[in-house]
Amino acid sequence: MTALLYIFAFLIFPGLLFSGSMGLLVGWIDRKVTARLQWRVGPPWYQNFLDLIKLALYKETLIPSGVSGAMFLGMPVLALTSATLVSTILFLINGSPRTGFIGDVIVVVYLLLIPAVALILGGFASANSLASLGSSREMKLMLSYELPFILALIVVIMKCGCAIRLGDIIMYQRSHGDIFMNPSGGISFFVMLICIQAKLGFVPFDMPEAETEIMAGAYIEYSGKALAIFKLARAVLLFVIPVFLITLYFGGIKLSLDGLVKAMIEYLLILILMIVVKNTNPRVRIDQAMKFFWGVVTVLALLSLALAYLGR
Amino acid sequence: MISNPILLLIIGPIVSGIICLPLPDRLKGITKSIAGIISAACLAGGIFIFIEKPLVWKYMDQIIFRADNLSSFIGMAMTLFTFLITIFSFGSTDKAFGRYFGYMLITLGASLGALFANNLIIMLIFWGFLALMLYLFINLDQTVCSAKASSKALIIIGGTDVLMLFGIALVSAITGTLSMDKIQIPIAGIMTYVAYFSIASASFAKAGAMPFHSWFPDVAETTSGSFLAYLPTSLDKLLGIYLLARVSLDLFKMTKISNTILLIAGAATIIFAVVLALAQRNYKKLLAYTSISQVGYMIIGIASGTVIGIAGGLFHMLNHVIYKACLFLTSTAVEKKAGTSDLDRLGGLAGAMPITFAACLIASLSICGIPPFNGFVSKWMIYQGIIESADQGGKLWVIWLSAAMFGGALTIACFMKLLHAVFLGRRSEGMSEVKEVGPLMYMPMLILAAICVIFGVFAFKIPIPILILPSIGNSLTYIGTWGSTLAALLILVGIAIGALMYWLFRPGSFRVVDNFVGGADPESLPRVSGMEFYDTITDIKPINRICKQAQSGWLDIYYLSARAIKVLARPLKRLHNGVLPTYLVWCFLGMIAMLLFLSLR
């Protein structure tokens, strides 16, 4: 019976249906803000839904010849599944922080790796040189942001008295104040924000796709339903990753009116900050990104770690 | 006497191995039958000992062999891997059957001897014997490269064996006994440190941890994958980590300093080895380097000093052997069918070898620590061990945790490159005739891959309570949450929904087309082998230097000690100039010195 409830949570709310729809709506905010920044009108709110339906229902799914079809078509599903799982975990734990559900913060970090791994393998499975290049860039990008990402995460774990259960992290912040409010937490939040920008493949870190250069990279051979599933996975990630940040740095989402309003404002701020960064920066090369992440961003992360050691 | 199951399990395979040795290739049927029957019997024996533990064999009132919770579970794992790899070798071996299977059985017996030995000298004898078996195994092909690799392995492992002998002598001097069950030395004072690290160095060399790792990649390049799956990966790794666990948990009482030294070695092993793995161009060599890197996790787990860390370290040892053996077996399958293990020349074999690919994919995802596979659970436990050590006053846990977690990301990079170079990407030229291997070869791979899944999904129901917890004799409290079964169920539901989406919405709308590269001829673009993927990383300055230094032998203790000996021997070399009067002068001077010494004493 509980298993059925969990399956319901995973498929309907707060899982696939809910976070997928929310992701598409958030994607619309992204498109709209981008359009306004570029002095355009932008699409209507339901545009992303139409795009997805068109891809899934009306477009052919092409498979490159001589590849492993199961691998090629399976990777988008894997990406979507893990993104949905993260969303389910985060929302259920935010709903009742005292009960542990499926995973702690380390599990979530590893589950968040899967969409990137799935994209890389999907690109490799396309047997296309451009896709291989795109995937290899995605891999290198992942290596770049993973180091400061881990360091920033350790700051949170350290601040919460070595707790790794998400519920414990939320409860700690409710009794001791948000981690973001500490100097170390603040710096670590901005480090995390930059890493998230890359995790979502937003400009200036969109070199794995680089439409003008390697024609969408890993996505080049994807079409129809397979592409639709990949797009949905990205939408879920776009929706869920800011929630992850709110959980780590702002004490999660409290189920009360002011709690929800606070979370909503934080969410929109994180989102709009990411969109503005996306629209005001040019794409960097992969080696520049690596040097940036392993240089400046890692130094910042180490600084916040040092502050955390000093108890600040 | 002979009815003692432990003794039988040690002597049985050694005797049958010696019988196999002289059998010529035309009697390969007999050789294979002996190997198959004996390895199956050993597996049964291993399971029997695991169920019936604790067992001992005494001689003159001394416990010589002892099977307790820890050794019996490792013994069972050893017999299982021997059985699976023997079956695999039926399909993969094509010459020197007598010696190959003979060595395999003798190695099993010797490994079990070292594992169950309760007397330190008996353990040392079997341990030394294993170094000889490794040497003989590597020389099976008798090429120039294998001769070089085997002597390097023998010198490094033999050298650390001597260190172990020294350590055992010290232990005996300190405690007055050689029985492991009676030894409990708190590490305090220089002698105990020397004794501990002398014995630990032997376990490092066997398991292939830095700084005694360099024999493994050299051996990997020159020998067959099935041998690599067997000796360096399964038996040696299990034995090495077993010894480390035994000395660190039972024989010695660790201190913060000794744990910190181990942690440094572990963290350095994880990072350096995996960075070197990124640059490899050979299937087996890449696997060897990642194997070294994974040993770092086990060391960190054991050295964390927390119950969950130690449990995680032991579980990671078991998991590592499972997926790495599987990976080495896939390398053998690919090498047998494609004729090369050079990553530049392989490519696009997923369609031609789907079963091998599936096994390799599962094992790769396991080693990368992707949930819900087994590698994730043990890494997750080790991370918790590190974090928990902070509560016990550990200050440097941040370094160990970030090294371990970042090492995980680098491992993913290595295996993405491997999967691309061998199975994915465009099919390379000359690979159009490649076919899948037969069931004798793919069944062991599939069984190992299945164990990866089962040990991951049912980690808290099967391996941890049955195998790991009894060996550490303590109950576990997790500081984190991982509902592996529920997560696996939801992932399965997700995949089923995905499949349904493909099938439901307008079935038949799939079309197979040629690659699209912007309208140009896809063949006109050069094939991407994947070898250049990480040039961006290895071009970055400090990493660049590490790679260059590593290539010139900077991280290789064999090369370093050879150079040190050369430098030290230079003045002595000059004295040997072959001129008789010089030698006479030295003799004369020596006599004067001796006379002076004796008269002035």
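Nothing here was measured: the structure is a model prediction, and the numbers come from that model. Naming: A, B, ... by sequence-line order, numbering from 1 per chain.
- With a 4.5 Å cut-off on non-hydrogen atoms, L143(A) touches chain B through its backbone and its side chain both.
- A donor-acceptor pair under 3.5 Å is formed between the side chain of Y502(B) and the backbone N or O of L73(A).
- Residue I495(B) holds its CD1 atom at 6.0 Å from CG of L78(A), rounded to the nearest 0.5 Å.
- In this structure, chain B has a heavy atom under 4.5 Å from the side chain of Y309(A), while its backbone stays farther away.
- Under the side-chain contact (heavy atoms from CB on, under 4.5 Å) criterion, P97(A) pairs with I170(A), M171(A), R174(A), not counting sequence neighbours.
- Of the two parts of T84(A), neither the backbone nor the side chain holds a non-hydrogen atom closer than 4.5 Å to a non-hydrogen atom of chain B.
- Residue contact with chain B, scored on non-hydrogen atoms closer than 4.5 Å, involves the backbone and the side chain of A226(A) alike.
- Using a 30° and 60° split on the angle between ring planes, H420(B) and F124(A) fall in the tilted class, from 30° to 60°.
- Contacts between Y110(A) and chain B at a heavy-atom distance below 4.5 Å involve backbone atoms as well as side-chain atoms.
- Within the structure, salt bridge (charged side-chain N to carboxylate O under 4.0 Å, His left out) contacts touching residues 143-163 of chain A (residues at least two apart or in different chains) are E146(A)-K199(A).
- Contact record, T481(B) with R165(A): OG1-NE, 2.9 Å, taken as the closest heavy-atom pair.
- For a residue to count as touching a neighbouring chain, one of its non-hydrogen atoms must lie under 4.5 Å from one of that chain's; by this rule L490(B) touches chain A with backbone and side chain alike.
- Looking at L113(A), only its side chain comes within 4.5 Å of chain B, counting heavy atoms on both sides.
- The contact between F376(B) and chain A is made entirely by side chain atoms (from C-beta outward), counting heavy-atom distances below 4.5 Å.
- Residue T81(A) touches chain B through its side chain alone, counting heavy-atom pairs closer than 4.5 Å.
- In this structure, the separation between CG on L151(A) and CE on M405(B) is 10.0 Å, given to the nearest 0.5 Å.
- Using a 4.5 Å cut-off between heavy atoms, I412(B) contacts chain A through both its backbone and its side chain.
- The contact between L305(A) and chain B is made entirely by side chain atoms (from C-beta outward), counting heavy-atom distances below 4.5 Å.
- Contact count versus chain B (heavy atoms, under 4.5 Å) is highest, among I164(A), I102(A), V77(A), for I102(A).
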